[in-house]
Undergrad: 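I have a structure here, written as C-alpha cells, and I will follow up with some questions on it.
The structure presented is a predicted model; accordingly, all values stated were derived computationally and were not measured. Remember, it's 1-based here, ligands and their atoms both numbered in the order they're listed.
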Amino acid sequence: MSFRTLDEAEVTGKRALVRVDFNTPMENGRVSDDTRLRAALPTIQELRRRGARVILLSHFDRPKGKRVPAMSLKPLALPLAALLDAPVAFADDCVGPPAEAAVAAMKDGDVLLLENLRFHAGEEANDVGFAKALAALGDLYVDDAFSTAHRAHASTEAIAHLLPAYAGRSMQTELEHLEKALGSPTRPVMGVVGGAKVSTKLDLLENLVGKLQFLAIGGGMANTFRFAQGYDVGASLCEKDMADTAREILTKAKAQGCHILLPTDVVVAAEVKPGAPWRIATIGHDLAPGDRILDVGPDSLAQILDAMSESKTLVWNGPLGVFEVPPFDKGTVAAARHAASLAKSGKLIAVAGGGDTVAALHAAGVAQDFTFVSTAGGAFLEWMEGKTLPGVAALEA
Ligand code: 3PG
Ligand code: MG
C-alpha cells in the first residue's frame, strides 16, 4: 500500500479541500464526544502553518440527499474554532454560490467549514458532476477521514481522481498502524473479537483465522460457537441458525494453525441488570435453563491474558461481555488493562477499533495506553475483513 502524504504536497497559497469525518455524537445540539474533531487537528494546523486555505468537507448523519436542518454541520464550527484557537467560517451549502463566495473570501491560513455533503444526493451516489462541483472549490484534495473510507462517495472517491490527492495526517496514522497490526505484523498475532452476533462478523472471522495465531472470541457470539459444539448455553443470546457456519470457522482455524480461545467458564445471571445476582458456571457442566451468559469467567480470562502475554501484536474489536452493565464489564476491563500494560511497556503492539470497543477501553481508562485506537467503526470492521476500502484505494499512488 503506498499513498501520497502531505510531505509531497505543495500547499502554500493553495485551496486545500480536506475531507474530514465530523459525524460526531451530539446531544441536544452540542458535540458530546469531540474525538473526531481532535483527530483532524494535526492536518488542519499543519496546512494553516504552511499557508494553505483549509476548506473542510464532511457528512453528518444520514439526511439522504435532503436539506435536514437538524443535521447541519453549523453547530460544529464553534467547538472546532475553540480547539484550533482560530476562527472557523461556515458556508450554508457545500457547492454553488454560498460555497464559492465563502471560498473567495478566504486568506492563507483561514479555515472554512462547508455544510453537510449529504444534503446533496450526488454525494452518496459518487456522482462525478457533484464531485466536479466540489473540486472546483479547491486546488488539491486531502483525505483525512479513514472512518468514512469504506464509503465510495463523491467526496471520498470520485473527487480523488479530479485533483492532486493526498492522505492527511490522521488517515496516514490510521493506515500505518493498521498495516503494522494486520498487513505485515510481528508474530504471534492475536485477535480479540466480541460482540453480540456471529452473523455481523462472519467475514471478519473468516479473514482473521487465516492471519492470526490466537483468536479469542467473546460476547454473545461465543455462545453461538459453544452451541455449535453441542454445549448447552441456557437462555443466552445465541444464533442457532449460524451453527454450521461457526463449525466451519472452527475447522478452517484448525487447518490454518489459528488457536481459537472460547470461554471455558462464564459469568451467568437470570437478567441483564446492573448488580443482578450472578455466579460462575462451567461450560458443559452446570448451566441452568434460565442462565444467561453475560461475561467470561476467571479461567477463560486467565487464558486470554496468557495468550496476550505470548503475543507481539494484538488487534481488538468487540467487548468480551455486556460491558455496559456492571458487573458484567469485568472480563473486558481486565483484558483491556492487561493489553494496555503490555503495550505501555513496549511488549505488545495493541490496536483497537469499533464504537463499542473504544467506549469499553475508555470505560476501563486505558485507551491512551493502547498503541493505537482507531476513530473508525464500519471502516475498521471492513478493514479487518480484508476488504479494499474505496476511499483508501482512491489515494493509492
Ligand atoms: C461513521 O460514523 O461510521 C462514519 O462517519 C460513516 O457514517 P455512515 O455509516 O453514515 O456512512
Ligand atoms: Mg456509522
Undergrad: Counting heavy atoms only, which part of H153 comes closer than 4.0 Å to ligand 1: side chain, backbone, both or neither?
TA: neither
Undergrad: Inspect the contact between R279 and D291 and indicate whether a charged nitrogen and a carboxylate oxygen are less than 4.0 angstrom apart.
TA: yes
Undergrad: Regarding D265 and T282, do their side chains bring together a donor and an acceptor under 3.5 Å, going by distance alone?
TA: no
Undergrad: Using a 4.0 Å heavy-atom threshold (strictly under), name the region of E124 that reaches ligand 1: side chain, backbone, both or neither.
TA: neither
Undergrad: Does H153 reach the side chain of I159, with side-chain heavy atoms less than 4.5 Å apart?
TA: no
Undergrad: Can you sort out which atoms of ligand 1 are near D21, meaning under 4.0 Å from one of its heavy atoms?
TA: 4 (C), 5 (O)
Undergrad: So which of R19, K64, K66 actually passes salt bridge (Lys or Arg N to Asp or Glu O under 4.0 Å) with E123?
TA: R19
Undergrad: Quick one: does S147 get within less than 4.0 Å of ligand 1, heavy atoms only?
TA: yes
Undergrad: Between D295 and K330 (salt bridge meaning N to carboxylate O under 4.0 Å), is one present in this structure?
TA: no
Undergrad: Please name the residue in the list F372, F380, F146 that meets the ring-ring contact (aromatic ring centres under 6.0 Å, His included) test with H177.
TA: F372
Undergrad: Considering both backbone and side-chain atoms of H150, is one of its nitrogen or oxygen atoms within less than 3.5 Å of a nitrogen or oxygen in ligand 1?
TA: no
Undergrad: Less than 3.5 Å between some nitrogen or oxygen of D61 and one of ligand 1, yes or no?
TA: no
Undergrad: Go through ligand 1 atom by atom and flag the ones less than 4.0 Å from a non-hydrogen atom of R151.
TA: 8 (P), 9 (O), 11 (O)
